[in-house]
Structures are given as C-alpha cells and as structure tokens.
Protein chains: 2
Amino acid sequence: MDQDTTLAFSAHDHAACRAATLARAEEVARARNLRLTPVRRRTLEILLEAHKALGAYEVLDRLVEDGFARQPPVAYRALDFLVENGLAHRIRRLNAFAACLHPGEPHMPAFLICDRCHTLAEAPGTAVAEAMHQAAGAVGFAIDRMSIEATGLCPACQEAAG
Amino acid sequence: MDQDTTLAFSAHDHAACRAATLARAEEVARARNLRLTPVRRRTLEILLEAHKALGAYEVLDRLVEDGFARQPPVAYRALDFLVENGLAHRIRRLNAFAACLHPGEPHMPAFLICDRCHTLAEAPGTAVAEAMHQAAGAVGFAIDRMSIEATGLCPACQEAAG
DNA sequence: AATGAATATGTTATGTAATAACAAGTCAAG
DNA sequence: CTTGACTTGTTATTACATAACATATTCATT
C-alpha cells in the first residue's frame, strides 16, 4: 500500500501535504496549458484545505468568503473543470468533491469513505480497475469512466466503535 | 460471463424475463417474511418493466397512474425498502434505481451503463469486490457497502458509433 | 377478541443538489 | 485590431431527497 493512502487515515502535516499537492497540480496545469484561473485555483485550495469531500454548496460558501458571487454555477463550473482535468474527483455516494492527491499521475482511485468520521481515502484501485475491465470486456462493453467507492469504518473508528 | 449479463445487451423476452425475476423476488420476500405491500410490489414491477434505471420521480409518475399519491416519500420509501432488501439496486452515477436481476443470490453487482442507449447491465463483480476488499484491508479499512459502476458504450452502440 | 408494540402509509413542507440559458467580458492567434 | 474560443456573471428553474408528524394497519401476546 502506498504512503499517501495510509496518511489519509493518520495524523500528518496537512499544510505541507496540501502545499505539495497544490504545487504538483500547478505543474500539471502549466504542462497542459490549462487555465487555472482565480476561481479554479481557489476552489482547488478549498478542497485541499478541507482534506475531505465537500459538497458543491460548501465550496460555494467558502468561495463567497473570498468575494465570489454566491451562485451555484460559480462553484459547479470550477469543480467540473477540476474533475475534467483530473485535479479533483467527484464522489458520487456523497454528492461531493475532493481534491485529487495524485494530480498528473494516471491512476484509478478507489475511494474509502468512513461512515463515522467521514474521512475519505484514495486507495490505489489498479487491481480493481483491471478486474472491472475484464468483467466488462467479457460482455463486449467498452468502459469510459468508472466510480469505485466503498463505505465502512476507518481504522480509528473501528477501535472507537469497538 | 453469466447468461443474464449477456442478455442485458441483447434482444430477449422482456416479459418472460421480468415475470421470472418478479416470481423469484416474491419467493425471497416470503422466505424472509418481508411485507411486499402493494406500493412495494408495484414499484418493483415498474422497475422490471422499464428494464433500465429509473429516477425516483419517474417511478412516482408511474405509481400515480396506478392511483398512488404523487408524493416523493411514496416512491422513496418503496425504493428504499427494495434496496434494503436486495430486490433493487441504487445507481449512484444516475441518481436512479434498477430492479435486481438476481434477487436472493448473494452477489456484488458491477454496473455497466451505456452512455448512448442508457441500457444498464449488472455484471458479476465478485473479482472486483475481492480486489477492493484487499485494497481496503491493506490500510485497515473495514468495508460495509460498495458501489462499482462504469459508464461507456455497450456492444451495439460501439458499432453504431464506430 | 382486546391490546399494545412495531411497522407501514398519508401528507405537508422543506432542504439539498444541479443545470439551462443567455449576456458580457477576456485573451491569444491570425 | 479583430475573430473565435473560452471564461465569467447572472437569473431562473429543474431535479433529487428527506424531515416531521399524524393516522392506520399488522401481528404477536394476552
């Protein structure tokens, strides 16, 4: 298991973590000629600061604090842009969004959502994705995108819940 | 690959298919002492007739035709009951519901959603689920439930689009 | 049969998530 | 310096989901 995944369930330096991820995201944007405009950049920062999944309207609330208009499209457009470009992920079970922790690296995240503390971990889903492609291939289905999400209890909450 | 999955993407006798599935669902309900009341039974029939994923309000529209009140809880309660008891599935990517095609048989469905014709197939996701449990176990996460969904093109639509 | 606990339904209202549509502004390439 | 692509501002609407509480039904137990 890689380090980042483990980190999601442990205490760590959020500030350093998010600064590094943001820096990597900016590199990716530059390399691909993406326009990381103020709203978009701020939206990504917000997701990184939260370090968990945020609903579009929660993001919007924070954008408002930064002077942007309180209008759903403001948040949705920025979030959609980030998701389209692999800088954020959409968590369907939560109707929420989270910053991608591995921008640039092609990866198929499998999300682990704690029912109790709502921490979100991005586990490496390569094996999962492979099994999925196999199952789909067997019936001739050509996969474009997939969402692989699980709910349950993170290590800490398992202890707490006994 | 099992037969049912293949069937989802081919022409077949919908009427016979849904009658058989409904019969199996009724057996399951009897065996487990579930109360398959009129709304619930009718809701299941509606899902089976559609043979694709339906939004809660689409289900509600059809329930209204059968004399039930046009109130969201009517549809949601019936749908939630069916999902809770494994007689239907919730497709998160679509905010929609579909009848389970294998009621009673424990299974982990992997959903394949065609972007073009919106057909939904329930592929056997055992291998996928296993890979998932492995990935989760490695970080100490205890999975309760998971959703495995993919969008893409079904065989027929690949040809049409190709 | 009476009764009480659990379950299911009827109903009103509200909360939450997401998008349509169009006008106006920005920016880089020709 | 203008054209075309992209981005943003703004209004309004649509879609999805649940809270809360009253009523009724069911079923096991007296």
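We name chains A, B, ... by the order of the sequence lines, and we start the count at 1 in each one.
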Hey, is the side chain of B/Asn95 poking within less than 4.0 Å of OP1 or OP2 on D/dA15, counting only N and O atoms?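 For D/dA15, neither OP1 nor OP2 has a side-chain N or O of B/Asn95 closer than 4.0 Å.
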Counting just side-chain N and O atoms, does A/Tyr76 come under 4.0 Å of either OP1 or OP2 of C/dA18?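 The answer is yes; a side-chain N or O of A/Tyr76 sits under 4.0 Å from OP1 or OP2.
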Send over the distance from [X] [atom1] to [N] [atom2], rounded to a whole Å.
X	N	atom1	atom2	value
A/Gln71	C/dA20	CD	P	17 Å
B/Arg70	C/dT12	CZ	P	15 Å
B/Leu60	D/dA15	CG	P	13 Å
B/Tyr57	D/dA17	OH	P	8 Å
A/Arg93	D/dC16	CZ	C1'	17 Å
B/Leu63	C/dG10	CG	C1'	14 Å
B/Asn33	C/dT7	CG	P	12 Å
B/Phe97	D/dC16	CZ	P	10 Å

Please table the atom pairs, donor to acceptor, closer than 3.5 Å between any side-chain atom in residues 150-162 of chain A and protein atoms at least two apart or in another chain.
| from | atom 1 | to | atom 2 | distance (Å) |
| --- | --- | --- | --- | --- |
| A/Thr151 | OG1 | B/Arg145 | O | 3.4 |
| A/Gln158 | NE2 | A/Leu153 | O | 3.0 |
| A/Gln158 | NE2 | B/Gly140 | O | 2.6 |

Assign B/Phe81 to base, sugar-phosphate, or nothing according to its heavy-atom contacts below 4.0 angstrom with the strands shown.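 B/Phe81: no heavy atom of the nucleic acid under 4.0 Å.
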NA contact type, A/Arg40, heavy-atom cut-off 4.0 Å: base, sugar-phosphate, or nothing?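 Sugar-phosphate, backbone atoms only, no base.
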Starting from the 5' end of DNA chain D, give me the residue, B/Arg90 or B/Arg77, whose nearest nucleotide shows up first.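 Counting from the 5' end, the first nearest nucleotide belongs to B/Arg90.
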Where do B/Val39 and B/Ala78 come nearest, in terms of heavy atoms and distance?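 Nearest heavy atoms, B/Val39 then B/Ala78: O-CB, 4.2 Å.
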Starting from the C-alpha separation in whole Å, work towards a yes-or-no answer on side chain to side chain contact (heavy atoms under 4.5 Å, CB included) for B/Phe111 and B/Glu122. CA-CA 5 Å; B/Phe111 296 104; B/Glu122 198 175 317; 3.8 Å; yes
Note, A/His133 side chain near A/Met146 side chain (heavy atom, < 4.5 Å):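 In short, these two side chains touch, coming nearer than 4.5 Å.
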Of B/Pro72 and B/Leu34, whose nearest nucleotide on DNA chain C comes first from the 5' end?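 Its nearest nucleotide lies further toward 5', so the answer is B/Leu34.
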Bend angle of the helix from C/dA1-D/dT30 to C/dG30-D/dC1 from five-pair axes at both ends, rounded to 10°?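 The value is 30°.
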Let me have the donor-acceptor pairs involving side chains of residues 53-62 of chain B, under 3.5 Å, with sequence neighbours excluded, atom names and distances please.
| from | atom 1 | to | atom 2 | distance (Å) |
| --- | --- | --- | --- | --- |
| B/Glu58 | OE1 | B/Gly55 | N | 2.8 |
| B/Asp61 | OD1 | B/Arg70 | NH2 | 2.6 |
| B/Arg62 | NH1 | B/Glu58 | O | 3.3 |

What do the steps show when you test B/Arg90 against B/Ser147 for side chain to side chain contact (heavy atoms under 4.5 Å, CB included), and what is the final call? CA-CA 9 Å; B/Arg90 184 167 195 162; B/Ser147 24; over 6 Å; no
Among D/dT10, C/dT7, C/dT12, find the nucleotide with the atom closest to the side chain of A/Pro73.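 Within the option list, the nearest is D/dT10.
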Salt-bridge test for A/Arg42 and A/Glu49: reply yes if a basic N is under 4.0 Å from a carboxylate O, no otherwise.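 Yes, charged N to carboxylate O under 4.0 Å.
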